[in-house]
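This report refers to the structure that appears directly beneath it.
Quick note on labels: first sequence line is chain A, next is B, and so on, each numbered from 1. Note that the structure is a prediction, hence the values are computed from the model and not measured.
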Amino acid sequence: MRQILVTSALPYANGHIHIGHLVEYLQTDIWVRFQKLRGNRCIYICADDTHGTAIMIRARDEGIGEEELIAEMQQAHIRDFAGFDIEFDNYGSTHSQENRELCAEIWASKREAGLISVQEVTQLYDVEAGTFLADRFVRGTCPFCKLANQYGDSCDNGHHYGPVDLIDPVSTLSGTTPEIRTAKHLFVNIERLHGFLDEWTQSGNHLQPEIANYLKGHFLHEPLRDWDVSRPAPYFGFEIPDSPGNYWYVWFDAPIGYMASTKQWCDRHGEDFDQWWRSDKTEIHHFIGKDITYFHTLFWPAMLKTSGFSLPEKVHIHGFLTVNGEKMSKSKGTFVRASTYLEHLDPAYLRYYYAAKLTNRVDDIDLNLDEFVAKVNSDMVGNVVNLASRTAKFAARTGLSDVYPDDGGLFEQAAKGGDAIAEAYEACDYGRAIRQILVAGDRANQFVEHNAPWNLAKDPEQADRLRDVCTVGLNLFRQLAVYLAPVLPRLARQTGELLGRPIARWDESKTPVLGTSVGKFRHMMKRVDRQCVDATVAASTKAEPAGPQSAPGAPEDSDEPLKVEPLTETCTFDEFTKVDLRIARVVAAEDVPEASKLLKLTLSLGGEHRRTVLAGIKGVYQPADLIGRLVVCAANLAPRKMKFGTSEGMILASGPGGKEIFMLSVDKGARPGQRVH
RNA sequence: GGGCCCGUAGCUCAGCGGUUAGAGCAGGGGACUCAUAAUCCCUUGGUCGGAGGUUCGAAUCCUUCCGGGCCUACCA
């Protein structure tokens, strides 16, 4: 019997669980249920990730204390997970006494190993809010391309810089201009463990091959940079014991939360913590998304290594969720919260659909809503549950036969197939497992079809034969329920109730149930109603709670854009008139093949006045569609030499970037060359 | 510029060196009527992104190109 400790990444206490998160928690829950069903000793550990600036700011905005905020959010998370039958053995919090102590212990071992150094870090400081500003809390003008309203670390054109280099920086917390301040931060030297990380990441099957390659090419081919693990006060987190006024950075204490949550479980169950985190007896498996690969495959093993804890046996990394082939979108209603889903749909649907789609690769998975309806209905209701539905009624009268009847080897075949299905689950290749289960379901339906119990039921002399056919049908169904139990625990429970024997172990697929009575059949899964899916999307489309009531019929505009890009400082009329905006006609437009975002436009300001402008709108606008249209351009902007030529102005457009760029258009009658006042 | 993943039937995907390339769904035809308009049988449909190469044999291995996605760097 293996002893296995499994974790999912800790959800951040700053937001609610949505269907994207659920890919991971369902993937993990299925794996854990599988392990338990197989008879392995397995615990599923998780917790809320509660520290950091974002929590501090949010609590301040809501006018409540951080601890109140995180307590409420933890309750909401636990409720959402429970609604999807995600069953943790312990769900803790990084803001716990256990975590504080473990952080201190690990910290002490880093000190002892001489891995901690102090370095000066210069950051922007918001005097009014009384806090240093993380990059995403600063907006300003890019020092390279002069693009306004950019984050503190990089701009939409892909330039990288430090927040201190931003032109006209503004704090998004207070709207004031931050000042530059220097503070001492504590750093962990990871480079000293470079050799170990080379070895650990590249051998032993701890990582998927594409991840191991990625690390080799991106981080391990050069010296590893020191890791900044402290933040100066004020910060919501744990103060570093030997460095008053400094707090552990949220990413230092978050993974330690896995251990702290395990500790709570151990204390509740009289278990020895060291048997789980300092023992070769226990396999540790982390399930995470590809976005946090870096922390779990480099820093985390390095931290564990120097502190003498067990290293993960495997870090399982999954991709992101797309819906209908696109990123989840609030405006399209595909950013669906767990709680919203549960108001309209059965969690079993999503558990099944994700399982059918998941592989052991890092690929993104797509939730196609049409396919979601079709797949659940035809696979689960039409194929699997239908087996019970079409035989249980007859068997309720007769019970099951005492001796397993001849079924042409179907039961044995499906029993043997269990090993391959188990292998697929073990490898996190759930899609493969599901495919095999469905094949067994097809064969079982054929058996029922050929033996037509509905005809046997008409002839009293065929009663024994009828009972035998139903005994086979229900036992073949039960095998499917066993194999699907990790994915559909409720179906397994209902099957246990129907046949009077609970499903508790994988091996029960090898032994038929005989000689028992059969309960009254009740639908085990309803067909997915397309309207409920639409209702879920509609309920998710509602904008964030809008501000003041607007006139009936008026569009309800969210204030999100303003939050993302707060208004800048007042400028005078004279300053405004310094920018000479002109109407221009696009007379030529061509692709810049080597550039990823640029189109080369030739603008006419009337007569012979031409301007060449390189505009970052490739992929959003087609060159052919632009020719002839009127645009607004900043005409007196100093020419800028760029990699692909000189740009002699800018086209006015709004939007956050990426595919969302919206050029300003001009009402009819405007003429090229006219000034915009 | 570098890296990774993907490109197989209308859709979602399996197959990853060996008989005429598969499944589910969708489409077409039939059967059945126990079952949640479920099920069963038959069937249409693919120069396996393109081109080279290795091999007795390639969807499968190699090279290269094209297309899609992601990551990362650099330039301005």
Atom [atom1], compared across [N] and [M]: separation rounded to whole Å:
| N | M | atom1 | answer |
| --- | --- | --- | --- |
| B/U44 | B/G10 | P | 15 Å |
| B/C70 | B/U54 | P | 37 Å |
| B/C16 | B/U8 | C1' | 12 Å |
| B/G29 | B/C34 | C1' | 24 Å |
| B/A14 | B/C6 | P | 9 Å |
| B/A21 | B/U47 | P | 13 Å |
| B/C13 | B/G52 | P | 30 Å |
| B/G15 | B/G22 | C1' | 7 Å |

Parallel, tilted or perpendicular, as decided by the 30° and 60° cut-offs, for the rings of A/Y249 and A/W227: perpendicular
Parallel, tilted or perpendicular: ring planes of A/H18 versus A/F335, cut at 30 and 60 degrees: tilted
Minimal non-hydrogen separation, A/F411 against A/P512, with atom names: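 Closest approach of A/F411 to A/P512, heavy atoms only: CZ-N, 3.5 Å.
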Nearest non-hydrogen partners of A/T201 and A/L220, listed with the distance: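 The answer is OG1-CD1, 3.3 Å.
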In whole Å, I'd like the distance from the [atom1] atom of [X] to the [atom2] atom of [N].
| X | N | atom1 | atom2 | result |
| --- | --- | --- | --- | --- |
| A/Q436 | B/A23 | CD | P | 16 Å |
| A/I211 | B/U72 | CD1 | P | 13 Å |
| A/I317 | B/C71 | CD1 | C1' | 13 Å |
| A/H450 | B/A31 | NE2 | C1' | 11 Å |
| A/H318 | B/C70 | NE2 | P | 18 Å |
| A/D291 | B/U72 | CG | C1' | 16 Å |
| A/R225 | B/A73 | CZ | P | 8 Å |
| A/N451 | B/C40 | CG | P | 14 Å |

Heavy-atom protein contacts under 4.0 Å, nucleotides 34-39 of chain B, coded B base, S sugar-phosphate only, - none: BBB-SB
Sugar-phosphate or base contact per nucleotide [nucleotides 8-16 of chain B; S, B, -; heavy atom under 4.0 Å]: ----SSS--
Gap between atom NE2 of A/H318 and atom OG of A/S8 - 0.5 Å precision: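 These two atoms lie 7.5 Å from each other.
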Rounded distance (nearest 0.5 Å) linking atom CG of A/L474 with atom CG of A/L400: 6.0 Å
Residues forming a side chain to side chain donor-acceptor pair (under 3.5 Å) with A/Q202, sequence neighbours excluded: none
Residues that A/K357 engages under salt bridge (Lys or Arg N to Asp or Glu O under 4.0 Å), provided they are two or more places apart: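 If we apply the salt bridge (Lys or Arg N to Asp or Glu O under 4.0 Å) test to A/K357, skipping adjacent residues, the hits are A/E371.
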Contacts of type salt bridge (Lys or Arg N to Asp or Glu O under 4.0 Å), residue A/R490, not counting sequence neighbours: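 For A/R490 the salt bridge (Lys or Arg N to Asp or Glu O under 4.0 Å) partners, ignoring immediate neighbours, are A/D85.
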Sub-4.5 Å side-chain heavy-atom contact between A/P486 and A/Y430: no
5' precedence on RNA chain B between A/F320 and A/D363 (nearest-nucleotide basis): A/D363
Dot-bracket encoding of pairs in RNA chain B, which uses [ ] for pseudoknotted crossings and | for another strand, Watson-Crick or G-U under 3.5 angstrom: ((((((((.[[[[.)..(...]]]].(((((.......))))).....[[[[[..)....]]]]])))))))....
Pair A/D379, A/Y352: side-chain N/O donor-acceptor within cut-off below 3.5 Å: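 Indeed, the side chains of A/D379 and A/Y352 share at least one donor-acceptor pair under 3.5 Å.
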Steps toward side-chain hydrogen bond (donor to acceptor under 3.5 Å, both in side chains) verdict (A/H285, A/W31): CA-CA 10 Å; A/H285 292 255; A/W31 203 76; over 6 Å; no
